[in-house]
Amino acid sequence: MKFDKKVFLADVERVLHADYACDLKSAGRKELYNAVSKAVMEETFDDWNRARKSHRRRCGYFSAEFLMGRAIYSNLLNLGILEEAGEALRSVGEDINQFEEVEDAALGNGGLGRLAACYLDAAASQNIALDGYGIRYRYGLFRQTFENGFQHEEGDDWLRWGDPWSVRVERDTVLVKFADQTVRAVPYDMPVFGYKNGVVNTLRLWQSEPVQAFDFSAFNEMKGEVKANENFNATKITDVLYPNDNTMVGKILRLRQQYFMVSASLQDIVGKYKAAGKDLRTLPEKWCFQLNDTHPVIAIPELLRILRSEGLTFEEAFGVCAACFNFTNHTIMAEALEKWDALALSDLLPDVYEQIVACQQKLQSEGVDTNALYIIRDNVVHMANLAIYVASHVNGVAEIHTNILKTQTFRSWYERYPEKFVNITNGITPRRWMLLNNPEMARLIDGKIGTHWHTHLPELKKIMPFIDELLPAFKRIKQQNKQKLADHIRAHEGIDLAPDFIFDVQVKRLHEYKRQMLNALSVLWYYFGIKDGDITDFPPTAFIFGAKAAPGYYMAKAIIKFINEVAALVNGDPAVAGKMKVVFVQNYNVSYAEKIVCAADISEQISMAGMEASGTSNMKFMLGGTVTLGTLDGANVEICEEAGRENNYIFGATVEEVAAVKQYYCPREIIEQNPRLKRALETLVDGTLSDDSGMLRKLYESMTSGYEPDRYLVLYDFADYIRAKTQLLYDFGTREFDRKCLVNMASVGKFSADRSVCEYAKRIWNL
Ligand code: 26Q
């Protein structure tokens with residue numbers, strides 16, 4: 001986009017006049033933020049409008065989550081006017097950094113939601129016609145604080161700052177019908193700007209509203225009483241994002257949300273197709289849909305229902321669905337695979353349920369072994385099975401994950417439909433995760449190899465011959481990033497970090513399988529080692545954690561309490577003051593991640609092998625020039641393939657070993673053989689750490705006793721983890737180590753979301 005400072009400032013001023021009755025001199029932060037954003041929206045309208053009217057075949061990315069983060073800087077960056085806008089604002093005495101206070105749009109939980117956001121950015125940047133369809137939650141993922149070491153949750157009022165990057169498109173409103181209520185679905189569209197290419201795609205988020213306002217006379221005339229209740233509950237549907245990550249909650253409101261979003265999207269798309277005079281049998285000529293995990297899978301029977309109500313036979317409608325839908329799986333965890341009670345589903349959506357039954361009957365009529373292949377069984381609807389049966393492609397998100405899907409999770413399905421299964425390894429957008437959050441590093445690389453890598457990340461390999469030459473500047477920039485993070489942490493957490501400490505980072509959702517516990521126990525292990533004089537010259541290290549626990553996940557909350565208690569113990573002990581610091585940052589989110597991933601020295605990716613489908617923060621750290629301390633799980637495997645295992649620190653049981661060990665595993669012996677580990681573990685119950693809630697004792701018990709003690713092999717992998725981690729800590733600061741960091745950055749090419757979406761476009765969407 002070409003930038004004219006005068007026009008820009010005039011646009012801003014005009015919005016300030018019209019919307020806030022103020023001017024540049026009197027505008028507050030919020031007014032200025034809205035005016036700047038709206039001014040840019042106005043200038044890009046033509047590009048967006050052109051895209052909306054284009055007749056290209058498109059893919060709809062259906063997702064219950066889009067974890068977009070802060071929009072303003074990334075939009076200005078992609079439009080190529082970030083610096084210019086900053087300069088223009090400076091010329092009128094305003095600092096563009098003041099918008100760092102604007103709330104993140106946290107309409108997602110973690111990896112899956114952030115992946116959707118990265119893919120939107122990448123698709124627009126690669127000129128792929130991909131539009132997002134999702135839910136405009138009134139409250140996004142909760143804001144987290146710690147009180148006395150316990151997690152507390154507050155509502156996330158992300159609209160407090162306004163929503164200047166959305167446009168309410170009232171004319172595209174549709175009605176969504178449930179057995180017990182009918183609501184209005186109103187779309188809010190956000191532009192998705194490609195990187196300096198003039199492409200604008202759309203993220204359409206649906207908001208539920210009462211029909212009352214829509215058709216007040218009907219409401220008055222007829223079903224006043226029935227509807228009153230209905231209207232009261234209508235907005236509730238999109239009230240709040242369910243804060244679960246990798247666990248399914250069987251709440252019927254969640255199913256309402258899912259149906260609400262897909263029904264609105266499909267009515268919108270099919271309605272327009274029909275209005276254009278097209279035969280619905282040819283819908284796949286114009287559209288395909290990517291189902292982001294099972295959350296939007298109810299779209300399949302919904303499209304069947306719509307098409308049949310338009311006169312297609314079941315077979316015709318099924319054919320359209322098969323040609324339109326594709327399905328991505330993001331987890332193998334049994335507790336995350338969505339299943340719905342058949343009665344509850346048929347009560348809420350009888351006509352939709354009928355279509356599911358028809359799919360089940362079709363499957364049975366094909367003479368399959370119904371013990372292995374089923375959609376409904378024992379009155380439970382298995383959403384993943386429905387998706388696999390109907391969709392033409394099913395993909396996992398990393399090589400190892402796809403292999404597990406084929407050989408274990410969906411083995412019978414794979415045997416029957418091998419051609420459906422493909423792997424598309426996840427990727428991240430280098431715009432937000434390098435150009436935006438680490439601009440000086442980007443400039444350093446630009447200076448050596450030009451800027452083509454901004455959209456062709458494998459070109460980073462070209463820095464390989466210059467690694468030794470780049471090292472001093474690389475280290476200086478990393479050091480600055482660490483200083484900035486330390487400043488931010490001091491301001492927000494009240495903890496002082498010295499930037500010459502090693503920054504050892506684990507940031508991700510809190511889950512037992514991700515094993516924050518393993519990391520925390522290692523901190524105590526080093527701590528006691530130093531205290532006892534067994535560990536000398538320990539390299540000064542800051543152990544940095546960030547994670548939200550699902551509010552109903554007791555053990556995850558216990559682990560947070562544990563780490564906070566460890567932090568209090570360590571940080572309060574002058575004997576280790578120059579050697580270790582522990583900080584658990586509050587409210588870890590996209591904006592925090594931007595500051596953290598470019599300032600880390602160690603990327604902890606330590607899930608039990610086989611559990612982490614891919615992971616994507618591992619890629620973000622890699623792009624920032626950080627070595628991985630990790631297991632052979634998810635995309636870590638491919639990171640090692642790309643960057644060399646010798647340039648990372650790999651430990652722990654492999655998937656095969658995990659399976660073998662689980663046969664006989666009992667952690668008692670391991671504990672007894674490692675006195676310092678035992679001591680670390682017993683801080684949970686011996687009074688070393690304070691806790692009158694009983695949580696830490698429960699945590700201790702989950703590690704040592706009960707039906708399946710230490711389910712995720714924390715203690716089994718402990719010794720090898722310590723080996724790898726200690727090696728890393730003592731390698732730090734050597735020239736060899738510094739080279740490893742840069743080799744990782746140079747090797748990150750494969751993990752660009754640009755590559756991922758191009759693969760989807762080619763192998764799945766046929767765009
Ligand atoms: C399901 C039903 C009801 C309520 C909530 C849910 C639910 C919500 C979110 C289930 C799962 C999720 C999120 C899953 C997720 O984020 N998975 C991660 O996806 C990333 C992108 O592919 C991978 O990199 C991670 O490995 C994977 O854990």
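Remember, it's 1-based here, ligands and their atoms both numbered in the order they're listed. This is a predicted model, so every value here is computed, not measured. Just so it is clear, the values below take in all heavy atoms, side chains as well, and ignore hydrogens, waters and symmetry mates.
Of the charged side-chain nitrogens involved, none lies within less than 4.0 Å of a carboxylate oxygen, so that K662 and E657 do not count as a salt-bridged pair. We find that R138 and D157 are joined by a salt bridge, their nearest charged nitrogen and carboxylate oxygen being less than 4.0 Å apart. Salt bridge E612/K514: present, at least one basic N to carboxylate O contact under 4.0 Å.
For the residues T616, N246, T331, N244, the heavy atom positioned nearest atom 17 (N) of ligand 1 is part of N246. By heavy-atom distance, the residue among E338, H330, K514 lying nearest atom 22 (O) of ligand 1 is H330. Between atom 1 (C) of ligand 1 and the options R509, R254, R114, M619, the minimum heavy-atom separation is to R254.
The list of ring-ring contact (aromatic ring centres under 6.0 Å, His included) pairs with a residue in residues 586-643, not counting sequence neighbours, reads H488-Y592.
Near E65, with a cut-off below 4.0 Å to any heavy atom, the atoms of ligand 1 are 8 (C), 9 (C). Taking every non-hydrogen atom of A613 and a distance limit under 4.0 Å, the qualifying atoms of ligand 1 come out as 26 (O). Within ligand 1, the atoms closer than 4.0 Å to a non-hydrogen atom of Y513 are 28 (O), numbered from 1 in the order shown. If you number the atoms of ligand 1 from 1 as listed, the ones under 4.0 Å from a heavy atom of G615 come out as 23 (C), 24 (O), 25 (C), 26 (O). Residue E612 approaches ligand 1 through these ligand atoms, each under 4.0 Å from one of its heavy atoms: 25 (C), 26 (O), 27 (C), 28 (O).
At under 3.5 Å, a nitrogen or oxygen of L112, whether backbone or side chain, sits near a nitrogen or oxygen of ligand 1.
At the shortest separation from atom 7 (C) of ligand 1 among protein heavy atoms lies H295 NE2, 3.5 Å.
Looking at residues two or more places apart in sequence or on another chain, you find a ring-ring contact (aromatic ring centres under 6.0 Å, His included) between Y721 and F651.
Applying side-chain contact (heavy atoms from CB on, under 4.5 Å) to S265 and the options F260, Y133, F289 leaves one that passes, Y133. Only one option out of W413, Y374, W340 pairs with H382 in a ring-ring contact (aromatic ring centres under 6.0 Å, His included); it is Y374.
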